[in-house]
K.L.:
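Got a structure here, written out as structure tokens. Questions coming.
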Amino acid sequence: MAEAEAVQLKEEGNRHFQLQDYKAATKSYSQALKLTKDKALLATLYRNRAACGLKTESYVQAASDASRAIDINSSDIKALYRRCQALEHLGKLDQAFKDVQRCATLEPRNQNFQETLRRLNTSIQEKLRVQFSTDSRVQTMFEILLDENSEADRLEKAANNLIVLGREEAGAERIFQNNGVALLLQLMDTKRPELVLAAVRTLSGMCSGHRARATAILHGVRIDRICSLMAVENEEMSLAVCNLLQAIIDSLSGEDKREHRGKEEALVLDTKKDLKQITSHLLDMLVSKKVSGQGRDQALNLLNKNVPRKDLSIHDNSRTIYVVDNGLRKILKVVGQVPDLPSCLPLTDNTRMLASILINKLYDDLRCDPERDHFRKICEEYITGKFDPQDMDKNVIAIQTVSGILQGPFDLGNQLLGLKGVMEMMVALCGSEREADQLVAVEALIHASTKLSRATFIITNGVSLLKQIYKTTKNEKIKIRTLVGLCKLGSAGGTDYGLRQFAEGSTEKLAKQCRKWLCNASIDTRTRRWAVEGLAYLTLDADVKDDFVQDIPALQAMFELAKTSDKTILYSVATTLVNCTNSYDVKEVIPELVQLAKFSKQHVPEEHPKDKKDFIDMRVKRLLNAGVISALACMVKADSAILTDQTKELLARVFLALCDNPKDRGTIVAQGGGKALIPLALEGTDVGKVKAGHALAKIAAVSNPDIAFPGERVYEVVRPLVRLLDTQRDGLQNYEALLGLTNLSGRSDKLRQKIFKEKALPDIENYMFENHDQLRQAATECMCNMVLNKEVQERFLADGNDRLKLMVLLCGEDDDKVQNAAAGALAMLTAAHKKLCLKMTQVTTQWLEILQRLCLHDQLSVQHRGLVVAYNLLAASAELAKKLVESEMLEILTVVGKQEPDEKKAAVIQTARECLIKCMDYGFIKPVS
């Protein structure tokens, strides 16, 4: 029974293979393998599964399956050749050569084997030549770099060449095999910054995607040495070492997503110990006085990126638990640093924010309440342990720590606010004589008042306190911060015009003061950042945002701040821009529910008159004129954990609002908006990726892709557009994605291939039969471009589908644009394959009537495409030509061909005449003398 079922599954797999459903075929063969012990059948199944592996580009699996078939029958010529093909793709040319040599011995007259033999021989010779030349180049480079008398130009050239070589797999392996790590360590010992930098960057390239090499380099260079290099003040050096560590971590944890094979696959390396050691050293860096602010930021960036799980469906959060147990107190120490105190560690403007984000990510990564309780207890013990009536500095650090946690996991921060003595200490610090104490207390109050429901305590107690400080203090820094606190509390009603906290006109006064401080270049950047923070809250008010976009100096001052090294401002700027462009989500107001709410005397949200579309369009125009795109492009490039997924989503919302008017898209592209959108569409929250993808679709639909997305970037645009074809997206997103893909697919076959590989074809076909006219038209136009691709043509050639029939029927639609696109696709398909000409006449009985309608169409472009289809059918075979001549088609061709010469109709008349000439060649008609 089992053997019979295995044979049945094999046949089923063969049918799937013929229909090009390779996944289903693989599944059938795999099931059959479990049921049989017959050696001949086993060999066939492994051989067939290897063929599926080649088709799906799973070359390691294909080579393995072919080897199993060869183990059963060493003369299995199909298995030998399939293994040869797989090994060639895997770069194992010498092994592939042996297999095809055996094939050629078994079948010496097979031209395919002889051709493969010649090709592989040439490739092996070339590989050996490159290898020997690479060895000598590596040696020469190190000689130049280690020679103290080398000229500066030669040194720089050799260093750059070494970096480039290290990024290539073959080059990296040659450097490694030629004692390269020891020589690179010698370069690092020279202490010359440019040489140390070259050595670090070369090591980075060598580690990428190679676990064994990464492990050897980590042990050879040593983690303590790597961390001490990252701790230096030099920003470029610190970043380069951070990239080296990231490359090592990716390779050790398998995040590089490359297939390991050969020796690399055979090595079973336990990387957990090495990864734990790296994490431990990074945590130690956080609290070391010897580490620069830059170094501390890079350590925090690495922890942010590599410790919390990227996918919460993965059960294992052991890395987070390890960091909480061994490093949370160290992270809290960084969060609690007060720059004005003498005991403060070296920091940058971003350090404390990076630490807050890390705390937030760690807290979110915990799986259960006991883990969260443990986390909270560590925080509570740390904060309460700092309270000391005799030492004011310790109290300030405790409140600063609470303030930092409030910027991370707000729920945890809220719980800590309830600790005995925390609020009392905040109030006490507000009344302190020292500026540092007041700054910390006011900032803590601001972070404590985040949402209306949670800010009730602060609204009742904090407003009077903040007003008091604002009136009495003469210190500008404190004045700005208290103002932001008031702004925050004043905007607690959100966009609801009828729910204002302060008297009419108060928010405008606050905003005016914020704009004044923002434009004051004499105030330090850190303090001016708070003015933007205030505007982020106040611009929820339509009067405020309208005034703000008219204040060009204030706008440009904000954009300039967004471009500085202080990345803590990113969220505030993004929020302000979202408010100004009204790109936040607005709940749909149902009139019946509004009436019901009024009847029951419930509060009904009111829309401000200046939140109407005309005002929004005007604000968008002013932002574009003020240079918002260059600021956004700069913000997107921030290589920091501070650029959170939430911030990316806000930036994507702003871009989408700016792209709304087709007339503005040229300006956006010219200022680099197209390039800036790509990373936002690929990474971030699901909502953010959809918004950025939609903005990309708007740009791709109307712009020249070569200008909007220069170089290789254009291929990255395809995936976000294909995602928008999902039926869960709205009609406008589907439509504009199809327009964008139509534009891209018209550029090159490489782009068409990319669209095909992203599995967009079924979605495009789905929209070709949508009830909505514009969607159907856009999808058909996209398919018209896609049929130029060979793999798409193969789908039309395959048996068992109605693709060609549906395309013929679309040519008979009443919509001229759909007809035009479908006729164009049919013209190209019938020109590419004679088999499709015959198939066209078999798929539907209406084919001739539809073709005649096309050839008599009022629109010249449709008529021309119909005549080209007719010519392709005539050229395909005499039998098909006879069918056409015997119908009314001959009369139509004669009428069209005999028309008076007309410049507009030249192509139509010429094609009709070519059809008639073809009929004459067959002898079906004769010329009239």
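All values below were derived from every heavy atom in this structure, side-chain atoms included, with hydrogens, water molecules and symmetry-related copies excluded. Along the sequence shown, residues carry numbers from 1.
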K.L.:
Under 4.5 Å between any side-chain heavy atoms of Gln20 and Arg795, yes or no?
P.N.:
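Touching, per the 4.5 Å side-chain cut-off.
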
K.L.:
What distance do Leu738 atom CG and Met768 atom CE have between them, rounded to the nearest 0.5 Å?
P.N.:
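The CG atom of Leu738 sits 10.5 Å away from the CE atom of Met768.
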
K.L.:
Going by heavy atoms in the side chains, are Leu826 and Leu804 under 4.5 Å from each other?
P.N.:
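Sidechains of Leu804 and Leu826: in contact.
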
K.L.:
The criterion is salt bridge (charged side-chain N to carboxylate O under 4.0 Å, His left out); which residues satisfy it with Arg747, sequence neighbours excluded?
P.N.:
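In terms of salt bridge (charged side-chain N to carboxylate O under 4.0 Å, His left out), with neighbours along the sequence ignored, Arg747 is linked to Asp706.
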
K.L.:
Taking Met840 as the fixed residue, which of Leu829, Asn872, Val869 is the one that meets the side chain to side chain contact (heavy atoms under 4.5 Å, CB included) rule?
P.N.:
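Testing each of Leu829, Asn872, Val869 against Met840, the sole residue satisfying side chain to side chain contact (heavy atoms under 4.5 Å, CB included) is Val869.
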
K.L.:
Please tell me whether Thr911 and His864 have a donor and an acceptor in their side chains that are separated by less than 3.5 angstrom.
P.N.:
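Indeed, the side chains of Thr911 and His864 share at least one donor-acceptor pair under 3.5 Å.
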
K.L.:
For a quick test of your reading: what N or O donor-acceptor pairs under 3.5 Å do the side chains of residues 875-885 make, sequence neighbours left out?
P.N.:
{"unit_1": "Ser877", "atom_1": "OG", "unit_2": "Leu880", "atom_2": "N", "d": "3.2"}

K.L.:
Quick check on Lys839: does its NZ atom have over 12 non-hydrogen neighbours (other residues, nucleotides or ligands) under 6.0 Å away?
P.N.:
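Counting neighbours around NZ of Lys839, more than 12 heavy atoms of other residues, nucleotides or ligands fall under 6.0 Å, so yes.
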
K.L.:
Go through the steps for Leu873 and Leu851 under the test side chain to side chain contact (heavy atoms under 4.5 Å, CB included), then give the verdict.
P.N.:
CA-CA 11 Å; Leu873 295 181; Leu851 184 59; 3.7 Å; yes

K.L.:
Please check if any side-chain donor atom of Asp65 sits under 3.5 Å from a side-chain acceptor atom of Gln61, or the reverse.
P.N.:
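Present: a donor and an acceptor within the cut-off.
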
K.L.:
For Glu168, does the CD atom sit with more than 12 other heavy atoms under 6.0 Å from it, leaving out its own atoms?
P.N.:
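For Glu168, atom CD is crowded (more than 12 foreign heavy atoms under 6.0 Å).
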
K.L.:
With a 3.5 Å cut-off and no angle check, do the side chains of Glu12 and Gln8 form a donor-acceptor pair?
P.N.:
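Looking only at side-chain atoms, Gln8 and Glu12 do not form any donor-acceptor pair under 3.5 Å.
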
K.L.:
Looking only at side-chain N and O atoms, does Arg83 offer a donor or acceptor that is under 3.5 Å from a partner on Ser67?
P.N.:
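Indeed, the side chains of Ser67 and Arg83 share at least one donor-acceptor pair under 3.5 Å.
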
K.L.:
Considering only heavy atoms from C-beta outward, does the side chain of Arg68 approach that of Ile72 to under 4.5 Å?
P.N.:
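SC-SC contact between Arg68 and Ile72 ruled out.
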
K.L.:
We want to know whether Asn14 and Gln18 form a side-chain donor-acceptor pair, criterion being a heavy-atom distance below 3.5 angstrom.
P.N.:
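Checked: Asn14/Gln18 side chains show no N/O donor-acceptor pair below 3.5 Å.
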
K.L.:
Quick one: does Asn743's side chain have a donor or acceptor within less than 3.5 Å of a partner on Ala700's backbone?
P.N.:
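Yes, the answer is positive, given that a donor and an acceptor are paired below the 3.5 Å cut-off.
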
K.L.:
Using atom types as modelled and distance alone, determine if a side-chain donor or acceptor of Glu88 lies under 3.5 Å from a backbone N or O of Ala96.
P.N.:
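Not confirmed, Glu88 side chain does not pair with Ala96 backbone.
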
K.L.:
How far apart are the closest heavy atoms of Leu90 and Ala63, and which atoms are they?
P.N.:
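For Leu90 and Ala63, the tightest heavy-atom pair comes out as CD1-CB, 4.4 Å.
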
K.L.:
Please confirm whether the backbone N or O of Leu836 pairs with a side-chain atom of His833, one donor and one acceptor, at under 3.5 Å?
P.N.:
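Between the backbone of Leu836 and the side chain of His833 there is no qualifying donor-acceptor contact (under 3.5 Å).
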
K.L.:
Going by salt bridge (charged side-chain N to carboxylate O under 4.0 Å, His left out), Glu758 matches just one of Arg752, Arg719, Arg723. Which one?
P.N.:
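So the option named by the test is Arg719.
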
K.L.:
If you look at every heavy atom in Ala247 and Ser208, which pair is closest and at what distance?
P.N.:
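Taking every non-hydrogen atom into account, CB-OG, 3.9 Å.
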
K.L.:
Below 4.0 angstrom, N of the basic side chain to O of the carboxylate: do Glu57 and Lys757 qualify?
P.N.:
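Judged by the 4.0 Å cut-off on N to carboxylate O distance, Glu57 and Lys757 do form a salt bridge.
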
K.L.:
Which heavy atom in Ala870 sits nearest to a heavy atom in Cys855, and how many Å separate them?
P.N.:
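Reported closest heavy-atom pair: CB-SG, 4.4 Å.
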
K.L.:
Mind checking the CG-CZ spacing from Leu162 to Arg201? Nearest 0.5 Å is all I need.
P.N.:
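Leu162 atom CG to Arg201 atom CZ measures 12.5 Å (nearest 0.5 Å).
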
K.L.:
Would a 4.5 Å heavy-atom cut-off, applied to side chains only, mark Phe17 and Tyr29 as touching?
P.N.:
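Contact flag for Phe17/Tyr29 side chains = yes.
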
K.L.:
Quick one: do Ser745 and Leu751 satisfy side chain to side chain contact (heavy atoms under 4.5 Å, CB included)? Show the steps, please.
P.N.:
CA-CA 6 Å; Ser745 58; Leu751 271 167; over 6 Å; no

K.L.:
May I ask you to test the Glu115-Gln111 pair for a side-chain heavy-atom distance under 4.5 Å?
P.N.:
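SC-SC contact between Glu115 and Gln111 ruled out.
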
K.L.:
For Gly209, is there any backbone N or O sitting under 3.5 Å from a side-chain donor or acceptor partner on Ser251?
P.N.:
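Yes; at least one donor-acceptor contact below 3.5 Å.
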
K.L.:
Backbone N or O of Arg47 within a donor-acceptor pair of the Arg82 side chain at under 3.5 Å?
P.N.:
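Yes; judged by distance alone, with no hydrogens or angles, the pair exists.
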
K.L.:
Would you give the length of the straight line joining atom CG of Asn789 to atom CE of Met828, rounded to the nearest 0.5 angstrom?
P.N.:
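It comes to 12.0 Å.
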
K.L.:
Would you check if Val181 and Ile175 make a side-chain contact, meaning some heavy-atom pair closer than 4.5 Å?
P.N.:
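Not in contact.
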
K.L.:
Do Asp21 and Lys23 pass the side chain to side chain contact (heavy atoms under 4.5 Å, CB included) test, and can you show the C-alpha distance, the side-chain angles, and the key distance before you say yes or no?
P.N.:
CA-CA 6 Å; Asp21 189 350; Lys23 280 188 180 175; 4.3 Å; yes

K.L.:
Over all heavy atoms of both residues, which pair between Tyr22 and Thr56 is shortest? Give the atoms and the distance, please.
P.N.:
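Smallest interatomic distance, heavy atoms only, reads CB-CG2, 3.7 Å.
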
K.L.:
Among pairs that include at least one residue of residues 96-115, which meet ring-ring contact (aromatic ring centres under 6.0 Å, His included), considering only residues two or more places apart or in two chains?
P.N.:
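Of all non-adjacent pairs touching residues 96-115, those that pass ring-ring contact (aromatic ring centres under 6.0 Å, His included) are Tyr81-Phe113.
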
K.L.:
So, for Thr844 and Val808, which heavy atoms are closest and what is the spacing to 0.1 Å?
P.N.:
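Looking at all heavy atoms of both residues, the closest pair is CG2-CG1, 3.9 Å.
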
K.L.:
Examine distances only and state if a side-chain atom of Arg49 and a backbone atom of Thr26 form a donor-acceptor pair shorter than 3.5 Å.
P.N.:
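Side chain of Arg49 to backbone of Thr26, a donor-acceptor pair under 3.5 Å: no, none is there.
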
K.L.:
Once rounded to the nearest 0.5 Å, what's the spacing between atom CG of Leu80 and atom CD of Gln85?
P.N.:
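Going from the CG atom of Leu80 to the CD atom of Gln85 covers 11.5 Å.
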
K.L.:
Which value, rounded to the nearest 0.5 Å, describes the distance between Cys915 atom SG and Leu867 atom CG?
P.N.:
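Separation between the atoms: 6.0 Å.
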
K.L.:
List the steps and the verdict of side chain to side chain contact (heavy atoms under 4.5 Å, CB included) for Leu117 and Cys103.
P.N.:
CA-CA 10 Å; Leu117 206 56; Cys103 291; over 6 Å; no

K.L.:
Answer whether the closest heavy-atom distance between the side chains of Lys92 and Cys84 falls below 4.5 Å.
P.N.:
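Side-chain contact under 4.5 Å: no.
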
K.L.:
Please round to the nearest 0.5 Å and tell me the distance separating atom OG of Ser28 and atom CD of Gln31.
P.N.:
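With rounding to 0.5 Å, OG (Ser28) is 6.0 Å from CD (Gln31).
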
K.L.:
Report yes or no: does Thr122 contribute a side-chain atom to a donor-acceptor pair with the main-chain N or O of Arg118 at less than 3.5 Å?
P.N.:
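Flag set: sc Thr122 to bb Arg118 pair under 3.5 Å.
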
K.L.:
Is the shortest heavy-atom distance from the side chain of Asp94 to the side chain of Lys98 under 4.5 Å?
P.N.:
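The answer is no; the side chains never approach within 4.5 Å.
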
K.L.:
Short question: side chain of Asn801, backbone of Ala798 - any donor-acceptor pair under 3.5 Å?
P.N.:
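Looks like yes, one N/O pair under 3.5 Å.
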
K.L.:
Does a side chain donor of either Thr271 or Arg211 reach within less than 3.5 Å of an acceptor in the other side chain?
P.N.:
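Looking only at side-chain atoms, Arg211 and Thr271 do not form any donor-acceptor pair under 3.5 Å.
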
K.L.:
So which atom in Leu916 and which in Leu893 form the shortest heavy-atom distance, rounded to 0.1 Å?
P.N.:
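Closest heavy-atom pair between Leu916 and Leu893: CD1-O, 3.7 Å.
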
K.L.:
Does either side chain, that of Glu3 or that of Thr36, offer a donor lying less than 3.5 Å from an acceptor on the other one?
P.N.:
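Side-chain D/A pair, Glu3 to Thr36: present.
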
